[in-house]
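These notes concern the structure reproduced below.
Naming: A, B, ... by sequence-line order, numbering from 1 per chain. As the structure is a computational prediction, the values presented were derived from the model and not from experiment.
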Protein chains: 2
Amino acid sequence: MKKSVTIYDISKKLNISAATVSRALNNHPKISQKTKELVLSAAKELNYIQNTLAQSLKSGKTNRVGIIVPYINSSFFSSVIRGIEEELTPHGYHVIICQSHEDVNLEKKQLSTLLNAQVDGIFMSVSKTTEDTKHIENAKSKTPIIFFDRKKDIAGISTVVIDDYKAGYLATEHLIEQGCRKVCHLLGDLRLEIYQNRYNGYLDALKDNGILLNKDYVIPIESSVEDGIEATKKLWKLASPPDAIFSASDYAALGVCQELRNNNIRIPQDVTVIGFSNEPFTQYMELPISSVDQTPDIMGKISAQVFLEYINENFSGISIEKKVVLNPQLYIRESSKRK
Amino acid sequence: MKKSVTIYDISKKLNISAATVSRALNNHPKISQKTKELVLSAAKELNYIQNTLAQSLKSGKTNRVGIIVPYINSSFFSSVIRGIEEELTPHGYHVIICQSHEDVNLEKKQLSTLLNAQVDGIFMSVSKTTEDTKHIENAKSKTPIIFFDRKKDIAGISTVVIDDYKAGYLATEHLIEQGCRKVCHLLGDLRLEIYQNRYNGYLDALKDNGILLNKDYVIPIESSVEDGIEATKKLWKLASPPDAIFSASDYAALGVCQELRNNNIRIPQDVTVIGFSNEPFTQYMELPISSVDQTPDIMGKISAQVFLEYINENFSGISIEKKVVLNPQLYIRESSKRK
DNA sequence: TTGTATGCGTTATCAG
DNA sequence: CTGATAACGCATACAA
C-alpha cells in the first residue's frame, strides 16, 4: 500500500498540532487566517487527501447511499439511478450500485454488504423472487430504506412508485376510445405488485366500459420480444382475435408489432397497440409505438428527496413514512392513434 | 444516530476479550470451536453487523472501486458498468458510480471524492471536455486507474478499448463492398480519440479502395437524431449526394434513415447506412440498421480483470501497464445489405 | 487458545 | 486562537 499523507504529516512540517491542522482544513472559525493559509498550502504541497474513512468512523455518517436494482442496464433503472445520483451529489452523497439479478439470495447478500459499508440509506427495487421480506425488515432498523417502483408493504418504509393501476386503466381506456372492444392484455409477472396493478386497471377499464372480460385475451408474458411474438400467434389462433393489445412490456409490444406486420395485419387500423415503459426504441420505430412513461428521472429525484427529508427529520427524532405516487404519462403514438 | 452493535458488546456479553471476538468472527485458526460458536450465536442474537469502515481504516483496503462515466443511463456505459460489477462482486468489491456530465470540472471533483473515499481503484471514461489531464495523472499516484473506451495517453495507466480505427475501416469497407463509391461520414466530436480513430479508419478505407476524399462528405455531428436529420439535409443539397453513410453514432444514423424515408429515398437500394454502438433500437427497426458493436459487457469484464491483476501483481511490487484492444463486431442488417 | 495494548486518521472536548 | 488527549470499531503484535 502507498502510505498516505495525513494531517499529522502536515502538523509535523508546520510544527503545529494535528488538531489545528484538522480545524484549519475544516475552516473552523477560531483559527487564524494565517494558519489556515499555511495549512492549506502545505496540504497542497504534500498532495494531501482527506481520509473520509476515518472521518466517517468518527462521525457515524458515511455520506454514501446504496441502490439495489435487478439490473443496472435497463433504460428504466439506469434513469432512476441517474435521477438519484444527480439529486444527491450536490448534497455530498455518493452512490453505490448493486444488482440483484432478480435473485432474492443475491439481494440479501447485497443488502448486508451495504449495511456493513455503513451506508446512510438504501434505495431498492425488489427482485421478482423476493417473497419473504425478513431481510429487508431486519435491515430497516439499521438504516433508512426507500422502495422505488417495485415495493413491498412494510411498515416504516417509504415508497416512491407510479400509479400502475391508473396507468393500466388509462392505457386500456385509450384503446377503447379508439373504437376497440376486443382489448387484450399481455400480463407481466404477478409476483410483482406493479403488474398486478396494471392488470387491475385493465380489468376495471373494461368493466367501466361495459366490456366483459375474455380470459383468452389475457396472456402472461416475460418482458421480451419473443414472448410478444408468441402471444400474438396464440391470439390469432382464436376464433375471434382481438382488435387491441395493451402490453405490460414495451419489448413484448414490439414483438406484437413485428408479428402483426409479418402477417399483414395493419396497425392501428386492424389492431391498436400500446406498450409500457416508454423505452427509447418505441418512439424511433417507423411506426412509433404508444407507451406509458414511468418518469424514471422524477422517480429517482423524488426518492432522493424523501431520503434527504428523512435524514433531516430524523435528527429531530421524528420517524416518518412517506408514500409518494407519481402520475404515469401516456405517450400516444401511431400504433394506437386512429383519430 | 442508532448506536451500532460492536465486537465490544459481544465481548461483554460473553465475558471474553474483544480480540477473541474479532478472531472468532474472522474464523481465525487458533480459536476453539466452542468459542467460535458462542461468538457467532451471540452476534446473531445482538444483530451485529461488521463495520467495514473500521476494518478498512485498519487494513488500508476498502474493497471499493469507483467508476466515472459521462452518463450512466446510456446503453453502452450502463452495460460496461454491469460488466465491471459482475466481475468484481464475486471478489468482494463494491462499485461506486459517478457521472461527469461531460464536464471536466465535475470530473475533477468526482475523482477527488473517490480518492477521499479511499477506493482501491478507479475505472473511467473521460469527458469530452477533458483536455488537461493533470488531475488524472495526479490521482494515479494514489490509486490504480483504468481507462475504458475513452482514454487519454498517460504513462502507467492501463486501458481497455475497442479498435475504433479498425471499426471505422471495416464499416467503410463494408459499404464500399456493397457497390458504393460516394461514401460519407458523420463525424463525432474530435476531442475524443475514439472519433478521431473511426475517422482515420474511414479515410484509410477510402484510400485503399482508390476513392478520393470528398470533404463535403464529412459532416461533424453530435450523437443525436436531430443532427442526423440535419446532416442528411445538407448532404442532399449537394450536386452529387452520397450513396452511403457511415455514422459514428447510431442516433445520427437513425436520423439519417428517418430523413431519407421522408424523402422517399430507398435504403439500401439508393443509399446504404451503418451506425455505431449497436444501440438496442437498431435491431428493432422495421428496417434494421447496421451497426458496430463495442462489446461493452466484455469491455467491462476485461477492465475488471485488469484491475484484479494489478491488485495482485502490485502486492509483489511489480507495476504494470496493460493496453487491451478489443475487436469491434460488425452487425450487418437491412440498412446496408444489398447482396 | 486467549488477553492486553496499540494504531489506523480524524474530530470533539477540555484546557490553556 | 491553539494544544493534548480520547474516542470511533476493528485487527494484530506481543504476552501469557
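At the phosphate of C:dT11, neither OP1 nor OP2 sits under 4.0 Å from any side-chain N or O atom of A:S59. Between A:Y8 and the phosphate of D:dA4, there is no side-chain N or O to OP1/OP2 separation shorter than 4.0 Å. For the pair B:T6 and D:dC8, the criterion of a side-chain N or O lying under 4.0 Å from OP1 or OP2 is not met. Residue A:Q50 places at least one side-chain N or O under 4.0 Å from the OP1 or OP2 atom of C:dT11. Distances shown here put a side-chain N or O of A:Q55 below 4.0 Å from the OP1 or OP2 atom of C:dT11. Listed pair B:T35 / C:dT1 fails the phosphate criterion, with no side-chain N or O lying under 4.0 Å from OP1 or OP2. Remark: A:S32 is in phosphate contact with D:dT2, judged by side-chain N or O atoms under 4.0 Å from OP1 or OP2.
A:K109 has no carboxylate O lying under 4.0 Å from a charged side-chain N of A:E107, or vice versa, which leaves the two without a salt bridge. Using a 4.0 Å cut-off between a side-chain N of Lys or Arg and a carboxylate O of Asp or Glu, B:R191 and B:E131 do not qualify as a salt bridge. Looking at A:E102 and A:R150, a side-chain N of the basic residue comes within less than 4.0 Å of a carboxylate O on the acidic one, giving a salt bridge.
B:D149 and B:S125 share no donor-acceptor pair across their side chains, judged by distance under 3.5 Å alone. In the model, B:E137 has a side-chain atom that pairs as donor or acceptor with a side-chain atom of B:T133 under 3.5 Å. Remark: the B:K61 side chain and the B:N63 side chain contain an N/O donor-acceptor pair separated by less than 3.5 Å.
For residues 13-35 of chain B, the salt bridge (charged side-chain N to carboxylate O under 4.0 Å, His left out) pairs, not counting sequence neighbours, are B:K13-B:E45.
Among residues two or more places apart in sequence or in another chain, the side chain to side chain contact (heavy atoms under 4.5 Å, CB included) test is passed with B:E86 by A:Q99, A:H101, B:R82, B:K301. Applying the side chain to side chain contact (heavy atoms under 4.5 Å, CB included) rule to A:N105 yields the partners A:D103, A:K108; only residues at least two apart in sequence or on another chain are considered.
More than 12 heavy-atom neighbours from other residues, nucleotides or ligands sit within 6.0 angstrom of NZ on B:K152.
Residues of residues 38-47 of chain A having a heavy atom closer than 4.0 Å to DNA chain C: none are found. DNA chain C lies under 4.0 Å from at least one heavy atom of each of the following residues of residues 19-31 of chain B: B:A19, B:T20, B:R23, B:K30, B:I31.
Of the candidates D:dC10, C:dT11, C:dG9, C:dG9 carries the atom nearest the A:N51 side chain, counting heavy atoms from C-beta on. Taking the side chain of B:S17 as heavy atoms from C-beta on, and the options C:dT4, D:dG3, D:dG9, the nearest nucleotide is C:dT4.
Here the side chains of A:V126 and A:I136 are in contact, with some heavy-atom distance below 4.5 Å. Contact check for A:V69 versus A:I67: side-chain heavy atoms found under the 4.5 Å cut-off.
At the heavy-atom level, B:I16 lies under 4.0 Å from the strands shown only through sugar-phosphate atoms.
Residue A:K61 contributes atom NZ, which lies 14 Å from atom P of C:dT11 at whole-angstrom precision. In this structure, CD of A:Q118 is placed 19 Å from P of C:dT10, rounded to the nearest angstrom. A:K58 places its NZ atom 7 Å from the C1' atom of C:dT10, with the value rounded to the nearest Å. Separating the CD1 atom of A:I7 from the C1' atom of C:dT11 is a distance of 8 Å, rounded to the nearest angstrom. In this structure, CD of A:E37 is placed 13 Å from P of D:dC1, rounded to the nearest angstrom. For the pair A:L57 CG and D:dA6 C1', the interatomic distance rounds to 13 Å; values are reported in whole Å. B:L53 has its CG atom 14 Å from the C1' atom of C:dT11, to the nearest Å. The separation between B:K36 atom NZ and C:dT1 atom P is 9 Å, rounded to whole Å.
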query = Between A:F147 and A:F123, is a ring-ring contact (aromatic ring centres under 6.0 Å, His included) present by the stated rule, with each step listed?
reply = CA-CA 6 Å; A:F147 284 134; A:F123 299 84; over 10 Å; no
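Remark on the helix from C:dT1-D:dA16 to C:dG16-D:dC1: inter-end axis angle 40°, axes from five-pair C1' superpositions, rounded to 10°.
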